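Below, chain A is the first sequence line, B the second, and so on; all start at residue 1. All values reported here derive from a predicted model rather than from experimental measurement.
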Number of protein chains: 2
Amino acid sequence: MKAVEELRYLVLALQREGNRLLAASLRPLGLTPAQAEVVGILATRPPLSLNGIGELLVCESGTSPSRIVDRLVSAGLVRREGTPADRRQVLLSLTDQGRALAERVAEVEDGLHQALLKNLIGDRPIDGTVELLRELASGFPAGQAIQRRKGGAAN
Amino acid sequence: MKAVEELRYLVLALQREGNRLLAASLRPLGLTPAQAEVVGILATRPPLSLNGIGELLVCESGTSPSRIVDRLVSAGLVRREGTPADRRQVLLSLTDQGRALAERVAEVEDGLHQALLKNLIGDRPIDGTVELLRELASGFPAGQAIQRRKGGAAN
DNA sequence: GCGACATGGATGTCGTGTCATATAGTGACG
DNA sequence: CGTCACTATATGACACGACATCCATGTCGC
């Protein structure tokens, strides 16, 4: 198997397993990983439009995340309000309930990250790998979303 | 953003973008990436049971891939036959049409891997990253599937 | 032999992800 | 002022991916 092919499959495998772990951790909160990502984005930012969220989302890189937001709205976690200036746009922000849940989401994610660090990564150095993957991703929308998020706010 | 979190998002981002590229390359053949993975597995192996395929699949790591195989059967690419010894089991193998398509799949994947190497990776060294990711994945079913595939046959 | 348990697979359900298309609102240019 | 391209969002369609459940079959103990 060529190195590029193995890398592709490794990335696929780790994404799948990571997502399964995260989904399991989030299940008690009633959120999926994608929903948690939206909640996390809104938690530390002023009201955003759908496209604004889309530019910060790693999942769902291209299209605007109307359907994920739909669920969050009907779950009472996100408020969706029109803007008078541009009536096409909607502005999304967390409700009080959403803000409360966002804190628990942050705790859960923190716990998972610490557990991964302790049980999986151990004392292996990962900086080189992170740096390489960052460069590989930097040309794609999803990679740029990560950079924007690091630059923007806490999450 | 903590390193582990960034790693998780980078893996997610690269998986998404890689999948989109692969899906686009495979679209002319009428196959999705998941379907192409099954076809590639069957191309170089004796007839396998559903669980046998499942152990080699990186996507769909846990459950048996009945539905993906369903599609391939109704597309005329895979033959599904019962075994007399254990009547619960089915044995899956490529039809002639499937075998022909498998060659084109291999060409497409090869082309993509070469393009990725040329345009994305360039002369960056990736062995260290591959090695680290391999170790991280080695405890999970999906990671073990990759190892099994490398040991088993060409693909 | 038979009954408990295990195994292989099929299927229902839910939530994405992706693409294509539709709809409404905006702005610019003549 | 009309129209025409563009933008923000919504929606339909399709295939996954994960989980749970169900059914048929096989196995093992007694």
Which residues pass the side-chain hydrogen bond (donor to acceptor under 3.5 Å, both in side chains) test with Asp86(A), not counting sequence neighbours?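 Counting only residues at least two positions away or on another chain, Asp86(A) forms a side-chain hydrogen bond (donor to acceptor under 3.5 Å, both in side chains) with Arg88(A).
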By side-chain hydrogen bond (donor to acceptor under 3.5 Å, both in side chains) - contacts of Arg16(A) (at least two apart):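 For Arg16(A) there are no side-chain hydrogen bond (donor to acceptor under 3.5 Å, both in side chains) partners, ignoring immediate neighbours.
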Between [atom2] on [N] and [atom1] on [X], what's the gap in Å once rounded to a whole number?
| X | N | atom1 | atom2 | result |
| --- | --- | --- | --- | --- |
| Glu55(A) | dA8(D) | CD | P | 9 Å |
| Leu92(A) | dT9(D) | CG | C1' | 11 Å |
| Leu91(A) | dA8(D) | CG | P | 12 Å |
| Arg87(B) | dT7(C) | CZ | C1' | 15 Å |
| Leu26(B) | dT18(C) | CG | C1' | 15 Å |
| Asp86(B) | dA6(C) | CG | P | 17 Å |

Heavy-atom protein contacts under 4.0 Å, nucleotides 14-23 of chain D, coded B base, S sugar-phosphate only, - none: -SSSBB----
Tell me, for nucleotides 1-6 of chain D in 5' to 3' order, what letter each nucleotide earns: B for a base near a protein heavy atom under 4.0 Å, S for only sugar-phosphate near one, - for neither? ------
Taking side chain to side chain contact (heavy atoms under 4.5 Å, CB included) as the test, write out the residues that go with [X], two or more places apart.
| X | answer |
| --- | --- |
| Arg67(B) | Asp70(B) |
| Leu21(B) | Phe140(A), Leu112(B), Leu116(B) |
| Thr63(B) | Glu60(B) |
| Pro125(A) | none |

Give a yes or no on whether a salt bridge exists between Glu109(A) and Lys2(B), defined as a side-chain N under 4.0 angstrom from a carboxylate O.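 No, this pair does not count.
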With the threshold set at 4.0 Å, does a side-chain nitrogen-carboxylate oxygen contact exist between Arg20(B) and Glu17(B)?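 Yes, charged N to carboxylate O under 4.0 Å.
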Tell me what Ala142(B) touches on the nucleic acid: a base, only sugar-phosphate, or nothing, going by heavy atoms under 4.0 Å.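 Touches nothing.
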Table please: side-chain donor-acceptor pairs of residues 27-36 of chain A below 3.5 Å, with sequence neighbours left out.
residue  : atom : partner  : partner atom : Å
Thr32(A) : OG1  : Gln35(A) : N            : 3.2
Gln35(A) : OE1  : Thr32(A) : N            : 3.1

Tell me which donor-acceptor pairs under 3.5 Å the side chains of residues 100-108 of chain B have, and how far apart each pair is, sequence neighbours excluded?
none

Is any side-chain nitrogen or oxygen of Arg80(B) closer than 4.0 Å to OP1 or OP2 of dA10(C)?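 For dA10(C), OP1/OP2 do have a side-chain N/O of Arg80(B) under 4.0 Å.
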Between the two ends of the helix from dG1(C)-dC30(D) to dG30(C)-dC1(D), what is the bend in degrees, rounded to 10 degrees, where each end axis spans five pairs?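 Comparing the axis at each end, I get an angle of 10°.
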Which atom pairs, donor and acceptor, lie under 3.5 Å between side-chain atoms of residues 130-138 of chain B and protein residues at least two apart or in another chain?
residue   : atom : partner   : partner atom : Å
Glu131(B) : OE1  : Arg134(B) : NH2          : 2.8
Arg134(B) : NH1  : Glu6(A)   : OE1          : 3.0
Arg134(B) : NH1  : Glu6(A)   : OE2          : 2.6
Glu135(B) : OE1  : Arg124(A) : NH1          : 2.5
Ser138(B) : OG   : Glu135(B) : O            : 2.8

